[in-house]
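Proteins come first, then strands; the chains are lettered A, B, ... in the order of their sequence lines, and each starts at number 1.
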Amino acid sequence: MTLVANRKDPATKYRIRRLRRAELPVDTVELARFLIGKVVVREFPGGRVSGRIVEAEAYPPGDPAGHHYRGPTPRIRSMYLAPGHSYVYFNYGAHFMLNVSGEVAGRAGGILIRAVEPLEGIALMKKHRECTELLDLTRGPGRLAAAFRIDRSHDGIDLCKAGVLWLGEIVGTARGSGKEASGVAIGESVRIGISRAADHVLRFYEPGNPYVSGPKRLNAKP
DNA sequence: TTGGCGATTGGCT
DNA sequence: GCCAATCGCCAAT
(Lines give C-alpha, C1' and ligand atoms only; values in the text may rest on other atoms or scores of the structure.)
Protein backbone atom coordinates (compact mmCIF):
# COMPACT_ATOMS: atom_id res chain seq x y z
CA MET A 1 0.00 0.00 0.00
CA THR A 2 1.48 3.28 1.07
CA LEU A 3 4.66 4.22 2.81
CA VAL A 4 2.68 5.35 5.81
CA ALA A 5 4.01 2.35 7.73
CA ASN A 6 7.31 4.16 7.96
CA ARG A 7 5.80 6.37 10.64
CA LYS A 8 6.45 3.45 12.96
CA ASP A 9 10.13 3.85 12.28
CA PRO A 10 11.06 7.53 12.61
CA ALA A 11 14.66 6.66 11.89
CA THR A 12 13.80 5.54 8.37
CA LYS A 13 15.90 7.34 5.81
CA TYR A 14 15.14 7.52 2.15
CA ARG A 15 17.72 7.48 -0.53
CA ILE A 16 16.44 9.69 -3.28
CA ARG A 17 18.10 10.21 -6.62
CA ARG A 18 17.37 13.22 -8.77
CA LEU A 19 15.44 12.60 -11.97
CA ARG A 20 17.32 13.32 -15.16
CA ARG A 21 15.59 15.33 -17.86
CA ALA A 22 16.43 12.66 -20.41
CA GLU A 23 14.24 10.11 -18.64
CA LEU A 24 11.13 12.32 -18.52
CA PRO A 25 8.45 11.64 -21.13
CA VAL A 26 8.16 14.70 -23.39
CA ASP A 27 4.38 14.79 -23.20
CA THR A 28 2.27 16.42 -20.51
CA VAL A 29 -0.17 13.54 -20.06
CA GLU A 30 2.52 10.86 -20.09
CA LEU A 31 4.63 12.85 -17.67
CA ALA A 32 1.68 13.26 -15.33
CA ARG A 33 1.34 9.48 -15.12
CA PHE A 34 5.10 9.09 -14.83
CA LEU A 35 5.22 11.44 -11.84
CA ILE A 36 2.85 9.36 -9.71
CA GLY A 37 5.13 7.66 -7.19
CA LYS A 38 8.00 10.08 -7.77
CA VAL A 39 9.18 12.49 -5.11
CA VAL A 40 9.15 16.26 -4.60
CA VAL A 41 12.13 17.41 -2.53
CA ARG A 42 12.45 20.80 -0.86
CA GLU A 43 15.78 21.71 0.73
CA PHE A 44 16.09 24.09 3.66
CA PRO A 45 19.24 25.19 5.49
CA GLY A 46 17.95 23.29 8.50
CA GLY A 47 16.74 20.16 6.79
CA ARG A 48 14.71 18.59 4.05
CA VAL A 49 11.02 18.19 3.32
CA SER A 50 9.98 15.55 0.83
CA GLY A 51 6.86 13.75 -0.30
CA ARG A 52 5.82 11.06 -2.71
CA ILE A 53 3.46 12.26 -5.44
CA VAL A 54 0.11 10.47 -5.20
CA GLU A 55 -2.11 12.74 -7.28
CA ALA A 56 -1.56 14.96 -10.34
CA GLU A 57 -3.55 16.57 -13.15
CA ALA A 58 -2.45 17.19 -16.73
CA TYR A 59 -3.16 20.46 -18.59
CA PRO A 60 -1.83 19.61 -22.06
CA PRO A 61 -1.50 21.96 -25.07
CA GLY A 62 -4.84 23.05 -26.47
CA ASP A 63 -6.65 22.30 -23.21
CA PRO A 64 -9.44 24.85 -22.68
CA ALA A 65 -8.91 24.52 -18.92
CA GLY A 66 -5.21 25.33 -19.12
CA HIS A 67 -3.79 28.75 -18.32
CA HIS A 68 -1.93 28.57 -21.61
CA TYR A 69 -5.10 28.14 -23.69
CA ARG A 70 -5.21 31.77 -24.85
CA GLY A 71 -1.57 31.97 -25.79
CA PRO A 72 1.51 33.11 -23.94
CA THR A 73 1.37 35.73 -21.18
CA PRO A 74 4.11 36.78 -18.75
CA ARG A 75 2.67 34.74 -15.91
CA ILE A 76 2.82 31.39 -17.67
CA ARG A 77 6.23 31.71 -19.29
CA SER A 78 7.68 28.83 -17.28
CA MET A 79 5.14 26.42 -18.74
CA TYR A 80 6.97 26.91 -22.04
CA LEU A 81 10.26 25.63 -20.61
CA ALA A 82 11.55 22.11 -21.26
CA PRO A 83 9.91 19.26 -19.30
CA GLY A 84 10.71 19.26 -15.61
CA HIS A 85 10.62 22.97 -14.83
CA SER A 86 8.37 24.44 -12.15
CA TYR A 87 5.39 26.64 -12.85
CA VAL A 88 4.10 28.18 -9.62
CA TYR A 89 1.10 30.47 -9.52
CA PHE A 90 -1.03 32.11 -6.88
CA ASN A 91 -4.72 31.25 -6.84
CA TYR A 92 -7.92 32.32 -5.06
CA GLY A 93 -5.98 35.10 -3.41
CA ALA A 94 -4.58 32.63 -0.94
CA HIS A 95 -2.80 29.57 -2.29
CA PHE A 96 0.25 28.71 -4.36
CA MET A 97 0.04 25.81 -6.81
CA LEU A 98 3.02 23.73 -7.91
CA ASN A 99 3.09 22.56 -11.51
CA VAL A 100 5.67 20.80 -13.67
CA SER A 101 6.16 21.75 -17.32
CA GLY A 102 5.57 18.84 -19.66
CA GLU A 103 6.23 19.72 -23.29
CA VAL A 104 9.24 20.40 -25.47
CA ALA A 105 10.67 23.91 -24.95
CA GLY A 106 8.51 26.52 -26.71
CA ARG A 107 5.31 24.55 -26.25
CA ALA A 108 3.17 24.94 -23.12
CA GLY A 109 1.86 22.13 -20.95
CA GLY A 110 1.52 21.85 -17.20
CA ILE A 111 1.01 19.19 -14.57
CA LEU A 112 -0.57 20.28 -11.30
CA ILE A 113 0.84 18.34 -8.35
CA ARG A 114 -2.29 17.95 -6.21
CA ALA A 115 -1.06 15.81 -3.34
CA VAL A 116 1.95 14.03 -1.91
CA GLU A 117 2.47 11.48 0.83
CA PRO A 118 4.81 13.01 3.43
CA LEU A 119 8.19 11.27 3.64
CA GLU A 120 10.81 13.48 5.30
CA GLY A 121 10.58 16.65 7.35
CA ILE A 122 7.11 16.06 8.75
CA ALA A 123 7.80 18.25 11.79
CA LEU A 124 8.80 21.08 9.45
CA MET A 125 5.66 20.59 7.37
CA LYS A 126 3.50 20.82 10.49
CA LYS A 127 5.23 24.05 11.41
CA HIS A 128 4.75 25.54 7.94
CA ARG A 129 1.09 24.52 7.88
CA GLU A 130 0.38 25.34 11.52
CA CYS A 131 -1.41 22.03 11.57
CA THR A 132 -0.70 18.76 13.37
CA GLU A 133 -3.01 16.42 11.46
CA LEU A 134 -0.73 14.28 9.31
CA LEU A 135 -3.45 13.55 6.77
CA ASP A 136 -4.12 17.25 6.21
CA LEU A 137 -0.53 18.36 5.70
CA THR A 138 -0.18 17.78 1.97
CA ARG A 139 -3.60 16.59 0.75
CA GLY A 140 -4.52 19.24 -1.82
CA PRO A 141 -2.39 21.55 -3.98
CA GLY A 142 -2.61 24.61 -1.72
CA ARG A 143 -1.78 22.61 1.38
CA LEU A 144 1.14 20.90 -0.30
CA ALA A 145 2.64 24.22 -1.39
CA ALA A 146 2.23 25.61 2.12
CA ALA A 147 3.82 22.55 3.77
CA PHE A 148 6.77 22.78 1.38
CA ARG A 149 6.82 26.57 1.66
CA ILE A 150 6.65 26.95 -2.10
CA ASP A 151 5.87 30.43 -3.41
CA ARG A 152 6.36 32.74 -6.36
CA SER A 153 10.13 32.64 -5.91
CA HIS A 154 10.05 28.97 -6.94
CA ASP A 155 8.56 29.63 -10.38
CA GLY A 156 10.70 28.57 -13.35
CA ILE A 157 13.11 26.34 -11.44
CA ASP A 158 14.83 23.44 -13.21
CA LEU A 159 13.57 20.52 -11.14
CA CYS A 160 16.19 18.19 -12.60
CA LYS A 161 18.96 20.24 -11.04
CA ALA A 162 20.27 20.30 -7.46
CA GLY A 163 18.76 23.19 -5.56
CA VAL A 164 15.99 24.20 -3.20
CA LEU A 165 13.34 22.27 -5.14
CA TRP A 166 13.77 19.18 -7.27
CA LEU A 167 12.19 15.93 -8.40
CA GLY A 168 13.49 12.52 -7.46
CA GLU A 169 12.87 8.84 -7.18
CA ILE A 170 13.22 6.65 -4.11
CA VAL A 171 16.07 4.23 -4.50
CA GLY A 172 15.79 0.76 -3.05
CA THR A 173 12.05 0.15 -2.90
CA ALA A 174 9.52 -0.85 -5.51
CA ARG A 175 7.20 1.88 -4.21
CA GLY A 176 9.61 4.52 -5.28
CA SER A 177 8.57 4.50 -8.87
CA GLY A 178 5.33 4.68 -10.71
CA LYS A 179 3.18 2.15 -12.45
CA GLU A 180 5.77 0.47 -14.64
CA ALA A 181 8.17 -0.41 -11.86
CA SER A 182 5.66 -1.27 -9.17
CA GLY A 183 3.08 -3.01 -11.32
CA VAL A 184 0.30 -1.11 -9.53
CA ALA A 185 -2.44 0.50 -11.54
CA ILE A 186 -2.83 4.27 -11.61
CA GLY A 187 -6.34 5.60 -11.06
CA GLU A 188 -7.87 8.07 -13.53
CA SER A 189 -10.68 10.59 -13.30
CA VAL A 190 -11.86 13.98 -14.47
CA ARG A 191 -10.05 16.96 -12.96
CA ILE A 192 -11.11 18.79 -9.83
CA GLY A 193 -12.37 22.36 -9.57
CA ILE A 194 -12.53 23.35 -13.23
CA SER A 195 -15.50 24.31 -15.41
CA ARG A 196 -14.11 24.10 -18.93
CA ALA A 197 -13.20 20.69 -20.39
CA ALA A 198 -14.69 19.23 -17.23
CA ASP A 199 -15.16 15.84 -18.87
CA HIS A 200 -11.54 15.26 -19.82
CA VAL A 201 -10.00 12.34 -17.94
CA LEU A 202 -6.66 13.91 -17.05
CA ARG A 203 -6.35 13.39 -13.32
CA PHE A 204 -4.14 10.56 -12.11
CA TYR A 205 -3.78 9.17 -8.61
CA GLU A 206 -2.64 6.23 -6.55
CA PRO A 207 -5.80 4.26 -5.66
CA GLY A 208 -6.28 3.69 -1.95
CA ASN A 209 -3.64 6.14 -0.81
CA PRO A 210 -5.06 8.22 2.09
CA TYR A 211 -3.19 11.34 0.98
CA VAL A 212 -5.13 11.63 -2.28
CA SER A 213 -7.51 14.63 -2.25
CA GLY A 214 -10.96 14.99 -3.76
CA PRO A 215 -14.38 13.36 -3.33
CA LYS A 216 -14.72 9.60 -2.91
CA ARG A 217 -16.54 9.19 -6.19
CA LEU A 218 -13.38 10.28 -8.05
CA ASN A 219 -11.06 8.07 -6.05
CA ALA A 220 -12.13 4.55 -6.96
CA LYS A 221 -9.90 1.85 -5.54
CA PRO A 222 -8.69 -1.10 -7.62
C1' DT B 1 -8.22 51.63 -15.82
C1' DT B 2 -11.41 48.26 -14.31
C1' DG B 3 -14.21 44.25 -13.06
C1' DG B 4 -15.08 39.39 -13.32
C1' DC B 5 -13.29 35.22 -12.09
C1' DG B 6 -10.46 31.29 -10.53
C1' DA B 7 -6.38 24.19 -11.30
C1' DT B 8 -8.81 26.09 -3.01
C1' DT B 9 -9.35 25.93 1.72
C1' DG B 10 -11.41 25.93 6.19
C1' DG B 11 -15.12 27.06 9.00
C1' DC B 12 -19.92 26.65 9.88
C1' DT B 13 -24.71 24.38 9.22
C1' DG C 1 -22.53 20.11 2.04
C1' DC C 2 -22.43 25.11 1.44
C1' DC C 3 -20.11 29.38 1.12
C1' DA C 4 -17.22 33.41 2.02
C1' DA C 5 -12.49 35.11 1.87
C1' DT C 6 -9.02 37.18 -1.01
C1' DC C 7 -6.03 39.12 -4.78
C1' DG C 8 -3.43 38.68 -9.10
C1' DC C 9 -4.31 38.21 -13.86
C1' DC C 10 -5.98 39.68 -18.12
C1' DA C 11 -9.68 40.77 -21.48
C1' DA C 12 -12.37 44.48 -22.46
C1' DT C 13 -13.50 49.19 -21.81
Ile113(A) and Phe148(A), any side-chain heavy atoms less than 4.5 Å apart: no
Plane angle bin for His67(A) and Tyr87(A) - parallel if under 30°, tilted between 30 and 60°, otherwise perpendicular: perpendicular
Separation of atom CG in Asp151(A) from atom P in dG8(C), rounded to whole Å: 13 Å
Closest to the Thr73(A) side chain, choosing from dA7(B), dC7(C), dC10(C): dC10(C)
Tyr205(A) six-ring centre to Arg114(A) NZ/CZ under 6.0 Å and within 45° of normal: no
Nucleotide of dA11(C), dA7(B), dG6(B) approaching Tyr59(A) most closely (side-chain heavy atoms): dA7(B)
Whole-Å distance separating the CZ atom of Phe90(A) from the P atom of dC9(C): 10 Å
Between C1' of dG8(C) and CZ of Arg152(A), the distance in whole Å: 7 Å
Test: Arg75(A) and Asp155(A) ion pair at under 4.0 Å: no
Within one Ile-Leu-Val-Met-Phe-Trp-Tyr cluster: Val88(A) and Val49(A), side-chain cutoff 4.5 Å: yes
Euclidean distance, atom CZ of residue Arg70(A) to atom C1' of dG6(B) [Å, nearest integer]: 13 Å
Sugar-phosphate only, base, or nothing, as touched by Arg75(A) at under 4.0 Å among non-hydrogen atoms: sugar-phosphate
Where protein sits on nucleotides 8-13 of chain B, one letter per nucleotide: B base, S sugar-phosphate only, - none, heavy atoms under 4.0 Å: BSS---
Counter-base of dA12(C), judged by Watson-Crick or G-U geometry with both distances under 3.5 Å: dT1(B)
Strand partner of dA7(B), provided both Watson-Crick or wobble distances fall under 3.5 Å: none
Integer angstrom distance from the P of dG1(C) to that of dA7(B): 22 Å
OP1 or OP2 of dA7(B) under 4.0 Å from side-chain N/O of His67(A): yes
Same apolar cluster (I L V M F W Y, side chains within < 4.5 Å links), Tyr80(A)/Val29(A): no
d(NE2, His68(A); P, dC10(C)) in whole Å: 13 Å
Axial cation check for Tyr59(A) ring with Arg191(A), 6.0 Å and 45° limits: yes
